Amino acid sequence: MGKTIICPCHDVTVEDIRAMYAAGYTHPETLKRATAVFMGPCQGKHCAGPVMELLRELAGGDEGRVSRRPTARPPLRPVPLGVLAGAAETSSVTGTTGGA
């Protein structure tokens, strides 16, 4: 039987999550740091649901033992690199440095 990918951004498998949970990474925040789930370019849009469902399963269905998923950090949606580069060019042309 093949491995089941649960986080396509970082190739994290269901087996990886199970192993980390068994090693004591039972909170979504610590699991995030141990496996990089929720941290890919999608910010957890693809993996949050399945990972949280797996955590509930591993906790024996006890909702009280499963915290909410980590919050997404900005940018909340993809930003074209050209937009960011354009902002830097505008700042250098006008002489602003972003400071006060």
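In this text, all values refer to a predicted model and were calculated from it rather than measured experimentally.
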Next on the checklist: Quick check for you: to the nearest 0.5 Å, what is the distance between Thr4 atom OG1 and Ile17 atom CD1?
Outcome noted: 12.0 Å

Checklist entry - Phe38 versus His10: any side-chain heavy-atom pair under 4.5 Å? => result no

Checklist entry - Between Tyr25 and Tyr21, is there a shared hydrophobic cluster once you connect ILVMFWY residues whose side-chain heavy atoms come closer than 4.5 Å? => result yes

Checklist entry - Can you list the residues that meet the side chain to side chain contact (heavy atoms under 4.5 Å, CB included) rule with Arg18, with sequence neighbours excluded? => result Val14, Leu54, Glu57, Leu58

Item to check | pair Leu31-Leu55: side-chain heavy atoms closer than 4.5 Å | outcome: yes

Next on the checklist: Against Val37, only a single residue in Pro28, Cys9, Cys7 fulfils side chain to side chain contact (heavy atoms under 4.5 Å, CB included); can you say which?
Outcome noted: Cys7

Checklist entry - Between Thr35 and Met20, which heavy-atom pair has the shortest distance, and what is it? => result CG2-CG, 3.4 Å

Checklist entry - Judged by atom type as modelled, is there a donor-acceptor pair below 3.5 Å linking the side chain of His27 to the main-chain atoms of Glu29? => result yes

Checklist entry - In the single-linkage hydrophobic clustering (I, L, V, M, F, W, Y; side-chain heavy atoms under 4.5 Å), do Met39 and Ile6 co-cluster? => result no

Item to check | Carboxylate-amine/guanidinium contact Arg56 Glu53, below 4.0 Å | outcome: no

